[in-house]
Amino acid sequence: MRYEARSIDLIPSKTLVVRSPEEADAAELLDYFLTACGETDFLLCRPHEVTFTVEKEREMIASHLAHEKRMLIAVFDGKRIIADIGIQAAGDFEKYSHRCRIGISVRSEYWGHGIGSLLLSEAEKAARSMGYKQLELDVFAVNSRAVSLYKKAGFTECGRIPRAAHMLDGSYSDLIYMIKQL
């Protein structure tokens with residue numbers, strides 16, 4: 001499903017554009033993901049573990065644009081992607097059709113400008129329009145900024161896996177599961 005483009009003014013003297021990436025944005029989306037994975041230890045993987053190609057990114061973008069229950073929303077500063085959020089079904093079976101999972105990331109230089117809050121709000125609206133009744137996400141417990149953001153957005157903790165992630169500094173982090181009823 002497509003998120004139609006709109007301009008936002010969250011950062012003084014900058015007009016950002018929020019829209020679904022197009023297939024032509026595949027190389028930029030891949031570069032963004034690699035950069036974001038290298039900026040923080042709070043994302044799913046590390047840059048050397050990313051095996052996507054530009055062609056696979058193109059296919060993923062096309063799939064999201066064509067699917068009525070998936071959406072990818074990105075924030076652009078010019079042609080550069082600075083943040084994104086993805087929405088997809090929690091499972092392929094009918095009994096899970098009311099649930100969707102979201103994943104979000106923001107380039108570190110844009111943290112603290114409200115971009116994460118904006119994307120969560122837009123993802124919630126999009127999820128409602130797709131018929132979802134529950135948003136779900138997971139977050140590393142050591143990522144206190146993200147945990148606070150999700151709580152502020154109305155998410156509640158529903159479970160956790162102790163020591164789920166081995167962080168770069170040698171420590172471990174619990175993985176917190178959070179939900180929001182729509």
Side-chain angles (χ1 to χ4, degrees), residues 1 3 8 10 16 18 20 29 32-47 49-50 52 60 64 67-75 81-182:
M1 185 173 244
Y3 179 93
I8 57 169
L10 289 177
L16 305 174
V18 184
S20 286
L29 187 61
Y32 162 73
F33 186 65
L34 286 165
T35 300
C37 287
E39 288 181 332
T40 179
D41 204 19
F42 298 143
L43 296 180
L44 180 63
C45 61
R46 298 185 176 119
E49 298 170 310
V50 175
F52 308 142
M60 184 271 302
H64 276 71
H67 201 286
E68 63 186 32
K69 299 286 271 185
R70 284 189 211 141
M71 183 179 286
L72 186 59
I73 304 170
V75 180
I81 296 175
I82 62 159
D84 78 338
I85 193 165
I87 307 162
Q88 64 183 36
D92 293 331
F93 300 107
E94 187 177 321
K95 64 176 70 174
Y96 298 143
S97 64
H98 66 291
R99 298 169 44 214
C100 68
R101 293 198 45 78
I102 60 172
I104 184 173
S105 60
V106 179
R107 283 187 194 261
S108 62
E109 67 193 89
Y110 291 87
W111 293 352
H113 292 285
I115 293 168
S117 294
L118 170 87
L119 285 176
L120 285 172
S121 175
E122 294 306 303
E124 181 178 332
K125 290 177 201 168
R128 285 179 190 276
S129 76
M130 289 185 258
Y132 289 117
K133 306 293 184 212
Q134 182 169 292
L135 292 174
E136 303 175 6
L137 58 82
D138 54 59
V139 58
F140 295 127
V142 295
N143 189 352
S144 57
R145 287 175 61 136
V147 172
S148 293
L149 171 67
Y150 301 145
K151 285 180 179 178
K152 181 179 157 193
F155 284 82
T156 57
E157 182 176 335
C158 64
R160 72 173 51 209
I161 299 174
R163 294 173 50 99
H166 190 208
M167 310 308 280
L168 280 173
D169 67 4
S171 67
Y172 290 88
S173 178
D174 291 359
L175 185 68
I176 301 172
Y177 289 98
M178 301 184 86
I179 62 169
K180 180 175 183 177
Q181 303 292 329
L182 301 181

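If you read the sequence from its start, that first residue is 1, and numbering goes on from there.
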Can you measure from CZ (F33) to OG (S105) and round to the nearest 0.5 angstrom? 7.0 Å
How far does CD1 of I8 sit from CG of L118, to the nearest 0.5 angstrom? 4.5 Å
Which atom names give the shortest non-hydrogen contact between I179 and C158, and what distance separates them? CG2-SG, 3.7 Å
With sequence neighbours left out, the residues meeting side-chain contact (heavy atoms from CB on, under 4.5 Å) with T35 are D31, E39, R107
Salt-bridge test for D138 and R160: reply yes if a basic N is under 4.0 Å from a carboxylate O, no otherwise. no
I need the full list of ring pair (Phe, Tyr, Trp, His ring centres under 6.0 Å) pairs touching residues 101-132, with sequence neighbours left out, sorted by first then second residue. none
Any ring pair (Phe, Tyr, Trp, His ring centres under 6.0 Å) pairs touching residues 163-182, not counting sequence neighbours? H166-Y172
Distance-only donor-acceptor hits, side chain of residues 139-154, under 3.5 Å, sequence neighbours excluded:
residue : atom : partner : partner atom : Å
N143    : OD1  : A146    : N            : 3.3
S148    : OG   : S144    : O            : 3.1

When every non-hydrogen atom of L43 is compared with those of I104, the smallest separation belongs to CD2-O, 4.1 Å
Who are the side-chain contact (heavy atoms from CB on, under 4.5 Å) partners of L44, not counting sequence neighbours? none
State whether the number of non-hydrogen atoms from other residues, nucleotides or ligands found under 6.0 Å of E68 atom CD is greater than 12. no
Taking side-chain hydrogen bond (donor to acceptor under 3.5 Å, both in side chains) as the test, write out the residues that go with K125, two or more places apart. E122
Closest non-hydrogen atom pair, A83 against L119: CB-CD1, 3.7 Å
State the CD1-OG distance between I87 and S129, to the nearest 0.5 angstrom. 8.0 Å
For R128, the side-chain hydrogen bond (donor to acceptor under 3.5 Å, both in side chains) test, sequence neighbours excluded, returns E124
side-chain contact (heavy atoms from CB on, under 4.5 Å) partners of Q88, counting only residues at least two apart: H64, R70
With rounding to the nearest 0.5 Å, note down the distance linking CD1 in I81 to CG in L72. 7.5 Å
Residues two or more places apart in sequence or in another chain: which of them pass salt bridge (Lys or Arg N to Asp or Glu O under 4.0 Å) with K69? none
State which residues pass side-chain contact (heavy atoms from CB on, under 4.5 Å) with R99; sequence neighbours excluded, sorted by chain then number. A90, Y96, Q134, E136
Here the gap from Y3 atom OH to I85 atom CD1, rounded to the nearest 0.5 Å, amounts to 11.0 Å
Without swapping roles, check the side chain of D174 against the backbone of R163 for a donor-acceptor pair under 3.5 Å. yes
What verdict does the side chain to side chain contact (heavy atoms under 4.5 Å, CB included) test give for L120 and K180, after you've listed the backbone C-alpha separation in whole Å, the side-chain angles of each residue and the deciding distance to 0.1 Å? CA-CA 11 Å; L120 285 172; K180 180 175 183 177; over 6 Å; no
Output for pair (L135 CG, Q181 CD), nearest 0.5 Å, gives 9.0 Å
Begin from the C-alpha positions of F42 and S173 and carry the test side chain to side chain contact (heavy atoms under 4.5 Å, CB included) through to its verdict. CA-CA 10 Å; F42 298 143; S173 178; over 6 Å; no
Could you work out, with side-chain hydrogen bond (donor to acceptor under 3.5 Å, both in side chains) as the rule, every residue matching E94, not counting sequence neighbours? none
With sequence neighbours left out, write down each residue that passes side-chain hydrogen bond (donor to acceptor under 3.5 Å, both in side chains) with D92, or none if nothing qualifies. none
